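Working notes, beginning with the structure itself.
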Number of protein chains: 2
Amino acid sequence: MTPRNSVDMRAILDAATEIADSNGMEEVTLASVAKKLGIRSPSLYNHVDGLDGLRRQLALHGLEKLHHALMNAVVGRAGDDAVRALGKAYVEFARSNTGLYQATLRAPDVEDPRLKQAGDNIVHLTMRVLEGFGLKDEEALHVVRGLRSLFHGFASIEQSGGFGLPLDLDESLSRLIDTYIAGIHAMYDCK
Amino acid sequence: MTPRNSVDMRAILDAATEIADSNGMEEVTLASVAKKLGIRSPSLYNHVDGLDGLRRQLALHGLEKLHHALMNAVVGRAGDDAVRALGKAYVEFARSNTGLYQATLRAPDVEDPRLKQAGDNIVHLTMRVLEGFGLKDEEALHVVRGLRSLFHGFASIEQSGGFGLPLDLDESLSRLIDTYIAGIHAMYDCK
DNA sequence: TGCAAAAACTAATAACATTAGTTATATTTA
DNA sequence: TAAATATAACTAATGTTATTAGTTTTTGCA
């Protein structure tokens with residue numbers, strides 16, 4: 001049941017990730033991925049639903065890997081410390097997986113249930129990190145949105161080379177997170 | 001010196017903006033823009049340096065328009081109030097110019113001096129808005145990065161439909177900005 | 001050993017960007 | 001007013017890509 005050289009999804013995602021990391025997401029085409037795998041591009045349709053399907057798979061893979069990295073960063077931590085760890089892990093993921101991180105953004109279809117689920121997992125993780133703050137439910141949801149905006153905004157601008165000035169980036173990130181955390185304590189009377 | 005129907009840059013940018021706003025930046029092609037203008041796509045090379053050139057022009061136009069909108073929002077304001085106005089104007093711009101805002105991101109070349117200049121103008125404006133806070137120079141630069149991350153992150157996630165939950169978006173934005181401002185006051189002892 | 005399914009293949013089409021070379025037109029100039 | 005020139009349109013052609021249809025090959029199982 002497994003004919004020819006039989007490229008599998010794993011190999012496809014690896015090849016696409018490698019191309020995305022080194023040349024950017026625009027260079028991830030069925031042609032370039034097929035070439036790297038040593039097959040012809042129509043053969044990819046046996047594994048993936050066209051270019052959009054490949055992008056979806058890549059986005060999904062990226063979100064799962066990101067979730068895993070974030071989980072790993074916050075185990076054994078709580079409160080301010082956990083939020084700081086979350087932010088640094090997020091940005092670090094974007095830095096060391098530039099292509100995959102790009103893939104998680106330009107998702108072709110926001111309504112895809114698997115993508116939605118993967119996104120929700122990250123939101124839930126963030127909610128749990130905030131549990132120790134003793135925020136009301138709705139407050140916590142707004143704060144989750146705030147943290148996502150912060151992390152994604154920083155990672156995205158950094159990746160596109162938008163921070164031009166010669167000023168330490170890690171220092172900027174630390175201050176950004178600390179400032180927002182200080183704001184939470186000031187705005188909502190919580191631990 | 002002005003032969004034929006003579007499409008000009010203004011018309012090209014208008015057409016491209018319209019396509020980007022209604023169908024997204026991926027749909028902005030030389031073919032689609034030419035079609036809307038009633039000319040053949042090779043004719044566009046008389047005005048623009050290929051597809052990348054068109055994207056550059058569009059990014060530049062978007063940044064200038066964004067800068068203008070931000071300027072307009074902060075005149076006559078100072079301190080916290082000015083920062084709030086800046087954030088709301090930024091997000092409002094992204095909302096009502098979805099295509100143009102996308103164009104300001106996927107800039108083909110970060111090194112383009114005109115794009116750099118346009119970006120610097122926005123950074124400078126933000127610096128001036130922060131003047132009233134009495135921050136040290138380096139502190140102010142970190143805060144500018146923070147605000148950019150905040151604003152862009154929120155606008156970007158909102159635009160991609162990433163905020164799934166049924167929770168008021170303007171409320172989230174207000175709280176995000178207010179929380180960060182409160183953080184500034186807590187972290188740096190300033191007015 | 002043969003059969004069926006899976007995954008490769010080739011061939012063909014359509015959309016796009018881009019280059020080269022040509023034509024038409026509007027302004028300028030003689 | 002008429003010719004010259006510059007500008008911006010055009011057509012034709014090439015190469016890349018995604019995608020579909022139909023074919024062949026190979027592998028695992030009966």
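Note that the structure is a prediction, hence the values are computed from the model and not measured. Protein chains get the first letters and strands the later ones, always in sequence-line order, with residue 1 at the start of each.
Summarising the geometry, the separation between CZ on R55(B) and C1' on dT18(C) is reported as 14 Å, rounded to the nearest angstrom. Going from atom CG of D52(B) over to atom P of dT18(C) covers 7 Å, rounded to whole Å. Straight-line distance from the CG atom of L44(B) to the P atom of dA9(D): 8 Å, rounded to whole Å. Spacing between atom CD1 of I39(A) and atom C1' of dA7(C) amounts to 9 Å, rounded to whole angstrom units. As a whole-Å value, the separation of D49(B) CG from dA8(D) C1' is 16 Å. To the nearest angstrom, C1' of dT19(D) lies 14 Å from CG of L54(A). When the P atom of dA9(D) is taken as reference, atom CG of L37(B) falls 9 Å away, rounded to whole Å. For the pair E27(B) CD and dA17(C) P, the interatomic distance rounds to 11 Å; values are reported in whole Å.
The side chain to side chain contact (heavy atoms under 4.5 Å, CB included) test with H67(B) singles out one residue from N121(B), D120(B), N72(B), and that residue is N121(B).
N46(A) contributes a side-chain N or O that forms a donor-acceptor pair with the base of dA8(C) under 3.5 Å.
Every side chain to side chain contact (heavy atoms under 4.5 Å, CB included) that A82(A) has, sequence neighbours left out, goes to R77(A), V129(A). Taking S172(A) as the reference, H142(B), R145(B) meet the side-chain hydrogen bond (donor to acceptor under 3.5 Å, both in side chains) condition, with sequence neighbours excluded. Applying the side chain to side chain contact (heavy atoms under 4.5 Å, CB included) criterion to D168(A), with sequence neighbours excluded, gives D170(A), E171(A). With sequence neighbours excluded, the residues satisfying side chain to side chain contact (heavy atoms under 4.5 Å, CB included) with D8(B) are R10(B), A11(B). For L141(A), the side chain to side chain contact (heavy atoms under 4.5 Å, CB included) criterion is met by M127(A), L165(B), L167(B), not counting sequence neighbours.
The number of heavy-atom neighbours closer than 6.0 Å to CG of D137(A), taken from other residues, nucleotides and ligands shown, is 12 or below.
Of all the residues in residues 9-21 of chain A, not one reaches under 4.0 Å from DNA chain C with any non-hydrogen atom.
The side-chain hydrogen bond (donor to acceptor under 3.5 Å, both in side chains) contacts involving residues 17-27 of chain A comprise E18(A)-K36(A), where partners must be two or more places apart or lie in separate chains. Residues in residues 150-162 of chain B take part in these side-chain hydrogen bond (donor to acceptor under 3.5 Å, both in side chains) pairs, two or more places apart or across chains: H152(A)-S156(B), S156(A)-H152(B), R95(B)-E158(B), Y101(B)-H152(B), Q102(B)-Q159(B).
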Polar atoms only, N or O, under 3.5 Å: list the protein pairs with nucleotides 11-18 of chain D and their distances.
| from | atom 1 | to | atom 2 | distance (Å) |
| --- | --- | --- | --- | --- |
| dA18(D) | OP1 | L30(A) | N | 2.8 |
| dA18(D) | OP2 | L30(A) | N | 3.3 |
| dA18(D) | OP2 | A31(A) | N | 2.9 |

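Side-chain N/O atoms of H47(B) include none lying less than 4.0 angstrom from OP1 or OP2 on dT7(D).
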